[in-house]
**Q** 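The structure that follows is given in the form of structure tokens.
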Amino acid sequence: MYKAQYLLLFCLFFCFKISAQQETRTIINFNKDWKFYLGDEPKAKDQLYHDESWRKLNLPHDWSIEGQFAENHLATSQGGALPTGIGWYRKKFKVSQSFKNKISYVEFDGVYRNAEVWINGHYLGKRPYGYSSFRYEISKYLKYSNEENQLVVRVDNSEQPNSRWYTGSGIYRNVRLVHTSNLAIDHWGTFISTPKVTNQEATVKVETTVKNTTQNSQKIRLVSSIIDASGKEITSTSQEYVVKDSSATFQQNIVLQNPTLWNIKKPYLYKIVSKIYVQNRQLDSYETPLGIRFFDFQSATGFSLNGVPTKILGVCNHHDLGALGAAINVRAMERQLEILKEMGCNGIRISHNPPAPELLDLCDKMGFIVMDEAFDMWKKRKNKKDYAQNWDDWHKKDLEDMVKRDRNHPSIFVWSIGNEIREQFDSTGTTIAKELSAIVKTLDKTRPVTSALTETNPDKNFIFKSGALDVLGFNYKHEGYADLLKNFPNQKFIATETASALETRGRYDLPKDSVVFMPKDGKSKLTNGNADFTVSAFDNVAAYWGTTHEISWNAVKKYPHIAGLYVWSGFDYLGEPHPYPYPARSSYYGIIDLAGFPKDVYYMYQSEWTSKPVLHILPHWNWSVGQTVDVWAYFNQADEVELFLNDKSLGIRKKENDNIHVSWKVKYESGVLKAISRKNGKTVLTKQIQTAGKATKINLSVDRPILKANGEDLAFVKVSVTDENGNIVPNAGHLINFNVSGVGELVGVDNGYQASLEPFKTNYRKAYNGLCLAIIQTKETAGKIILKATSEGLESNEIVMESLVE
Ligand code: GAL
């Protein structure tokens, strides 16, 4: 009995001692329980302002996506035709007494735009650029224990137009409260690089900046450990240093034997855990991802990763997540990347602004070659009220912060200092390019700097002439690829944008023999568009500055000196609905539509970029009897495709010359259109489509039936309108009504139609060309989620999902 009590006391004492020695930073998710007011309310910055009547919400939040489309919205249809304006956010919170001696910060990953922040009535500052991450120290204003603190944020996105695409409005990325000790690793305070890597050995260089707010010189021990993917510590290094001033940077080198390299197929991730001790008392612990890889851009031969020549097969994406708007959601971003990976895509160009940090985490984990880009304009504006007006005051800070924040992501291989910058055409381009490149190089010499250029004449391109670019990025103008090495001797090249082809999913205009540019001559008004603001999905239509996917990919494929490409664009995005005016309000450039449904050209890339067998035929098979229909097939891993209509052969086709697709002209009759791909006479794949009958049913399928009950996870439910036999009815446009019961909530609906004016945040959606999408978010309670879909004249249907506590 006595023995047991002693043991307990000893344990308590020992545990207390350990925990007293093990301090670390506290990171608190600060997304919940905010109050929001749409409109300007300057008094709201006062601590005692009454916000009882304000709307309650959780972040991330984008108020624009909740609105209705309208032609007169100031962002214009280029910006997505949704409302913008001014909004206020307020959050009350308490801080335990135990944090009283800590240094406290509030961290914002991104607020669009002009964020002004107050804590307990004290003004902390303003951040104009809507894509930058920033933090404020708030310790000296905090109240502790039972006293309430009041954080207030004013967001001003009222000056319009300020973007060429949809931006969203509000605190659309994560917010955190962070408490550290007064001797801690600084904000973005580590920089990990791998100066020497072979398969046998890697030298890992760890630079750590320690922030000292004690007013005194401090003697510390800094321990940096490498942890492998299973969580096991592999090796570590430990040194003593003196931090004399308010901050100091220390360098440690760790040699790792037999490293597992990061690559796009197996993106192996280690992490570095950095700990600071003072007299054996741990004051901080900080984690940084580590991917070990080496790479190279060469003038004549392009890109190689870990010594393996690798073509970068990438896409450009903007940041909106379709029906969810700009409000970030990790699952929604992961789904986009999964769809792209499945296509064989291995790269992402983040266009044209710093991304959500979670997107980079996903790229690290999933294996993408990322181009991280800072700006769409410098001092010369592209829109009346855009970031050019903040350029002088902010560009240095914004660029530095992007590089500091992102430089530890192994997925980033290139920094881009700007997209189609207007200064490339005059001498100011030289000065600014030099300045920006120097800013990047001061913070990171391990990656090349590029910029996406449009001026291909070397004598006229002042950004090129600056000598500040390590890799030249070119947008479009594939006709010039052959001469790049001649015109730009010894330079390295990447196609920063290709294609800008236009398509509406499921829309097919016949006949389709030639390439169409919109507007036709590149200058006059659009005369060759469709009355319903659609564009045919045969890969035959492009913006006049671009070309089809097939032509542009062929051009990149042909030249080893082009390190790779980033197709414009992976997904359709809100805004920039070229070539149409309102009511068109989202783009036509995506390989995948806004709802995440692949267009046909997805399979062209898949057949070229993956080695898994692909056979895809288009269009659908519901036409008028006797009509001549162009039938196309994309395929790989086979020599030929034979097409059959109702079991009658329509002939065998083989790819000829540079063609990536094969085609037939078929006199339509209803029935079964079947394609068989063969290699050496043996069937590789069979694909058939069938004439659909009358629409009678709703089919529901979900991307993941088991979800996480964390209040964030999402289920993407694909809704198809089918006939009796389950064939999708190609032009079905039924209005589908949704009802969600159980522990989930409907958070968005879409159908990918670029000119739909239905809102995204509602419980109904018309199918478009047979399909629509419902997005359901879990709650923090486990249980079943049931989505019921009904529509007049169709048999209703439901699907059950399970939400589980992790
Ligand atoms: C490019 C531009 C992109 C996008 C694209 C559309 O010139 O860099 O941001 O606007 O055109 O074709």
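Start at 1 with the first residue, then count along the sequence. Not measured: the values here are computed from a predicted model. For ligands, and for the atoms within them, numbers begin at 1 and follow the listed sequence.
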**Q** Hey, is Thr454 touching ligand 1 through its side chain, its backbone, both or neither, going by heavy atoms under 4.0 Å?
**A**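 No part of Thr454 comes within reach of ligand 1.
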**Q** Which atoms of ligand 1 have any heavy atom of Asn475 under 4.0 Å away?
**A**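 The atoms of ligand 1 under 4.0 Å from a heavy atom of Asn475 are 8 (O).
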**Q** Under 6.0 Å between ring centres, would you say that holds for Tyr753 and Tyr768?
**A** yes
**Q** How about Tyr544 and Tyr476: are their ring centroids closer than 6.0 Å?
**A** no
**Q** For atom 10 (O) of ligand 1, what is the closest protein heavy atom, and at what distance to 0.1 Å?
**A** Glu576 OE2, 2.4 Å
**Q** Using distance alone, decide if ligand 1 has a nitrogen or oxygen within less than 3.5 Å of any nitrogen or oxygen in Asp376.
**A**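 There is no such contact.
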**Q** Do any N/O atoms on Glu497 end up under 3.5 angstrom from N/O atoms on ligand 1?
**A** yes
**Q** What residues form a ring-ring contact (aromatic ring centres under 6.0 Å, His included) with Phe488, not counting sequence neighbours?
**A**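 Checked Phe488 against ring-ring contact (aromatic ring centres under 6.0 Å, His included); matches are Phe464, Phe474.
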**Q** Can you check whether His395 and Trp391 have ring centres sitting under 6.0 Å from each other?
**A** yes
**Q** With heavy atoms of Asn419 as the reference, note each atom of ligand 1 found under 4.0 Å away.
**A** 2 (C), 8 (O), 9 (O)
**Q** Got His352 and Glu420 here, is their nearest side-chain heavy-atom distance under 4.5 Å?
**A** no
**Q** Please report which non-hydrogen protein atom sits nearest to atom 12 (O) of ligand 1, along with the residue it belongs to and the distance in Å to one decimal place.
**A**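 It is Ser500 OG, 2.5 Å.
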**Q** Closer than 4.0 Å to some heavy atom of Tyr476 - which atoms of ligand 1 meet that?
**A** 1 (C), 5 (C), 7 (O), 11 (O), 12 (O)
**Q** Measuring from the heavy atoms of His352, does anything fall under 4.0 Å of ligand 1?
**A** yes
**Q** Looking only at distances, please establish whether an N/O atom of ligand 1 is found under 3.5 Å from an N/O atom of Trp568.
**A**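 No: no nitrogen or oxygen of Trp568 is under 3.5 Å from one in ligand 1.
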**Q** Check ligand 1 against Glu420 and write out every atom of the ligand that is under 4.0 Å from a heavy-atom position of the residue.
**A**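 It comes down to these atoms of ligand 1: 1 (C), 2 (C), 7 (O), 8 (O).
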**Q** With His318, which of Tyr589, Tyr131, Trp568, Phe571 fulfils ring-ring contact (aromatic ring centres under 6.0 Å, His included)?
**A** Trp568
**Q** Can you run down the salt bridge (Lys or Arg N to Asp or Glu O under 4.0 Å) pairs that involve residues 449-465, sequence neighbours left out, and say none if there aren't any?
**A** none
**Q** What are the two closest non-hydrogen atoms of Asp372 and Pro354, and how far apart are they?
**A**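 For Asp372 versus Pro354, the nearest heavy atoms are OD1-CA, 4.4 Å.
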**Q** Check Trp165 against ligand 1 and report side chain, backbone, both or neither, counting heavy atoms closer than 4.0 Å.
**A**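 Looking at Trp165 and ligand 1, no heavy atom falls under 4.0 Å.
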